[in-house]
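Values in this document were obtained by computation on a predicted structure and should not be read as measured data. Heads up: numbering here begins at 1 and tracks the sequence.
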Amino acid sequence: MHSPSLPRAVVLEATNLNEGFHHANLISLLRGLAAIEVVAAHLRAQLFPSLKSLPDPTLWYQALAFFTGFAHQAVVVFFLLSGWLVGGSMLNKLREPGIMMSYAIDRVTRLWVVLIPAFLLTLMLAASGEAVDPRQFSFSRDNEYSLTAYIGNLFGLQDLAVPRYGGNFALWSLTNETWYYLLFPLGVLAWCGKSLVSRMAAGTTLAVLLSLLGIGIALYFLVWLLGVAFSRVRIDASRSWRLAFAGILAALSVWFRLTGSNDILVMESFLQDWIFSIAFLLVLCSLQYRYDPARPGVRLVRRAGAALAGFSFTLYVVHVPLLRALREHLAPLRHGGRLAPDHLGDFAIYAGMLVAIILMAYLFHLPFEAQTHRLRRAIKRFARRQNMAYT
């Protein structure tokens, strides 16, 4: 088929979740790479002094600081891909019976199969390092290791009602993600519920929750929804146009990395993240065409993407407690010690710790995250049997 000289947008009847397309390969790969970028950024920030505090940093450390400085954009990518996959998948199944129950099971298992054991690991590591006494049971909302904090973090209440469990600062984004999982179906019900009463109830609940959650979470829900909306768009474009989209995305990423807001997602960073999101989604939509499975490069990307995406959530959740545990086993890093940014040997320590965290997260995911689909199917079978028993 001859590609048009100018890109052409096509609105799809359903989100394309077919793994035989280039964009699906890219989504899998980016899920893993984004998690690794966040880990690399946090590890550098915890082990090395700030680049701004150094009067004459070495060239290699400047390069390390630059390439590990895209964690903010990585989180935005997480939200966009979540909207694309979660929201798009739900819309595809909207007319299926029991969709809301199925959706709830999918979302709860996605979160809790990882979070429940990850929080237990966090507690065990803290206890082994004598940072907490597991015999001292606490329900205090101010105690980051309390049962209240544990349960609150399972329900996305960190930073809203409880602290992040175990001081795991990476958990802030899961507050957004958890509530987006709930807000989206409420929005769908408000739009196309079966009755006026159900639509009004869903719409009212949605409005109340958005007002309670705050402007930051509400604003970035629009970014999540952008992922949903673009999941129904295919852009037919020539190779030159696809390269142009990729070039624009790369340029914007670097520009915002150097001049923008690169902390957590706040009102001040929303405009830059909205622009970045549009550029990213243009690339993704332009890759909605089938790949040739015989090409070696395609097979490699597919395998790497599948491997990395499979434990990306586990890696994101457990890397902070693993990082802290590793620090306690290295004498120069105990009690807040830092690596030297002008010693290549210390860079080797950093690289070794990064690899170790990734490998440990992979091993930790095998009995938990890797079993999500199996557990999900079992729960759905049980739910169907229970439903048949009551009908």
Side-chain angles (χ1 to χ4, degrees), residues 9-19 21 23-24 27 76 78-112 155-156 174-235 270 274 277-278 280-282 284-285 288 372-373 376-377 379-384 386-388 390-391:
V10 179
V11 178
L12 305 174
E13 294 184 359
T15 298
N16 182 3
L17 301 175
N18 192 319
E19 294 183 357
F21 285 65
H23 78 286
I27 286 174
V76 175
F78 279 140
F79 286 166
L80 292 169
L81 296 183
S82 176
W84 184 296
L85 296 173
V86 176
S89 177
M90 183 185 182
L91 292 181
N92 283 359
K93 302 174 183 177
L94 200 55
R95 290 181 174 83
E96 295 181 6
I99 174 60
M100 289 303 173
M101 175 62 72
S102 178
Y103 176 84
I105 292 172
D106 287 347
R107 294 307 96 217
V108 171
T109 52
R110 172 60 174 165
L111 291 171
W112 288 5
F155 285 92
L174 293 188
T175 305
N176 296 55
E177 188 75 8
T178 302
W179 286 101
Y180 297 162
Y181 287 168
L182 178 60
L183 294 173
F184 182 67
L186 285 173
V188 170
L189 286 174
W191 179 260
C192 59
K194 292 183 178 180
S195 67
L196 178 61
V197 173
S198 65
R199 292 198 297 271
M200 290 182 63
T204 301
T205 304
L206 176 63
V208 170
L209 286 176
L210 286 172
S211 65
L212 292 175
L213 291 170
I215 187 65
I217 293 178
L219 272 179
Y220 277 88
F221 185 41
L222 296 176
V223 171
W224 196 91
L225 291 175
L226 203 61
V228 181
F230 273 79
S231 75
R232 293 298 181 93
V233 176
R234 185 186 76 237
I235 297 178
F270 177 73
W274 185 264
S277 298
I278 296 293
F280 173 80
L281 291 168
L282 287 176
L284 204 58
C285 291
Q288 293 208 58
T372 301
H373 293 292
R376 188 176 288 167
R377 288 194 298 267
I379 294 174
K380 288 181 179 180
R381 284 196 300 267
F382 176 78
R384 283 195 295 268
Q386 292 299 108
N387 184 54
M388 293 175 62
Y390 285 107
T391 57

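- The side-chain hydrogen bond (donor to acceptor under 3.5 Å, both in side chains) pairs that include a residue from residues 200-210 number zero, where partners must be two or more places apart or lie in different chains.
- By the side chain to side chain donor-acceptor pair (under 3.5 Å) test, Ser211 is found to be paired with no residue, residues two or more places apart in sequence or in another chain being considered.
- Nearest heavy atoms, Ala202 versus Ala190: CB-N, 3.7 Å.
- Heavy atoms only, all atoms of each residue included: Gly87 and Val228 are closest at CA-CG2, 3.9 Å.
- Checked against side chain to side chain donor-acceptor pair (under 3.5 Å), Ser198 has the following partners two or more places apart in sequence or in another chain: Ser195.
- Atom CD1 of Ile379 and atom OG1 of Thr109 lie 6.0 Å apart (nearest 0.5 Å).
- The aromatic rings of Phe79 and Tyr180 stand perpendicular to each other, their planes meeting at an angle above 60°, with 30° marking the opposite boundary.
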Report the C-alpha separation of Phe184 and Arg107 in whole Å, then their side-chain angles, then the decisive distance to 0.1 Å, and conclude whether the side chain to side chain contact (heavy atoms under 4.5 Å, CB included) test is met.
CA-CA 12 Å; Phe184 182 67; Arg107 294 307 96 217; over 6 Å; no
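- Atom CD1 in Ile27 sits 8.0 Å away from atom CG in Leu17 (nearest 0.5 Å).
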Go through Leu213 and Thr175 one step at a time and tell me if the side chain to side chain contact (heavy atoms under 4.5 Å, CB included) criterion holds.
CA-CA 10 Å; Leu213 291 170; Thr175 305; 5.8 Å; no
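- For Arg232, there are no salt bridge (Lys or Arg N to Asp or Glu O under 4.0 Å) partners at least two apart in sequence or on another chain.
- Among residues two or more places apart in sequence or in another chain, the side-chain contact (heavy atoms from CB on, under 4.5 Å) test is passed with Thr178 by Leu111.
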Assess the residue pair Val233 and Gln288 against the criterion (side chain to side chain contact (heavy atoms under 4.5 Å, CB included)); give the C-alpha distance rounded to whole Å, side-chain angles, the decisive distance to 0.1 Å, and a yes or no.
CA-CA 9 Å; Val233 176; Gln288 293 208 58; 5.7 Å; no
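- In this structure, NE2 on His23 lies 11.5 Å from CG on Leu281, to the nearest 0.5 angstrom.
- Shown here are the salt bridge (Lys or Arg N to Asp or Glu O under 4.0 Å) partners of Lys93, two or more places apart in sequence or in another chain: there are none.
- With sequence neighbours excluded, the residues satisfying side chain to side chain donor-acceptor pair (under 3.5 Å) with Trp224 are Ser82.
- Of the possible polar contacts, none joining the Arg234 side chain to the Val10 backbone as a donor-acceptor pair under 3.5 Å is found.
- For Arg110, the side chain to side chain donor-acceptor pair (under 3.5 Å) partners are Glu369, not counting sequence neighbours.
- Under the rule for a side-chain contact (heavy atoms from CB on, under 4.5 Å), the partners of Leu206 that lie at least two apart in sequence or sit in another chain are Leu183, Leu186, Leu210.
- Partners of Val108 under the side-chain contact (heavy atoms from CB on, under 4.5 Å) rule, at least two apart in sequence or in another chain, are Trp112.
- Met100 pairs by the side-chain contact (heavy atoms from CB on, under 4.5 Å) definition with Met90, Pro185, Leu189, not counting sequence neighbours.
- Not a single donor-acceptor pair under 3.5 Å links the side chain of Ser89 to the backbone N or O of Val86.
- With hydrogens and angles disregarded, no donor-acceptor distance shorter than 3.5 Å links the side chain of Glu177 to the backbone of Gly156.
- Using a distance-only test at 3.5 Å, with no hydrogens or angles considered, a donor-acceptor pair links the side chain of Tyr103 to the main chain of Tyr181.
- Looking at every heavy atom in both residues, Ala383 comes nearest to Ile105 through CB-CD1, 4.4 Å.
- Ring geometry for Phe270 versus Trp274: interplanar angle of 30 to 60°, hence tilted.
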Might you work through the side chain to side chain contact (heavy atoms under 4.5 Å, CB included) test for Leu226 and Phe280, ending with a clear yes or no?
CA-CA 11 Å; Leu226 203 61; Phe280 173 80; over 6 Å; no
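- Checked options Thr15, Asn16, Leu80; the residue passing with Ser231 is Thr15 (criterion: side chain to side chain contact (heavy atoms under 4.5 Å, CB included)).
- Evaluation of the ring-ring contact (aromatic ring centres under 6.0 Å, His included) rule for Phe230 yields no partner, not counting sequence neighbours.
- Residues Ser102 and Lys380 have side chains in contact (heavy-atom distance under 4.5 Å, counting atoms from C-beta outward).
- In this structure the side chain of Trp179 reaches within 4.5 angstrom of the side chain of Leu182, judged on heavy atoms.
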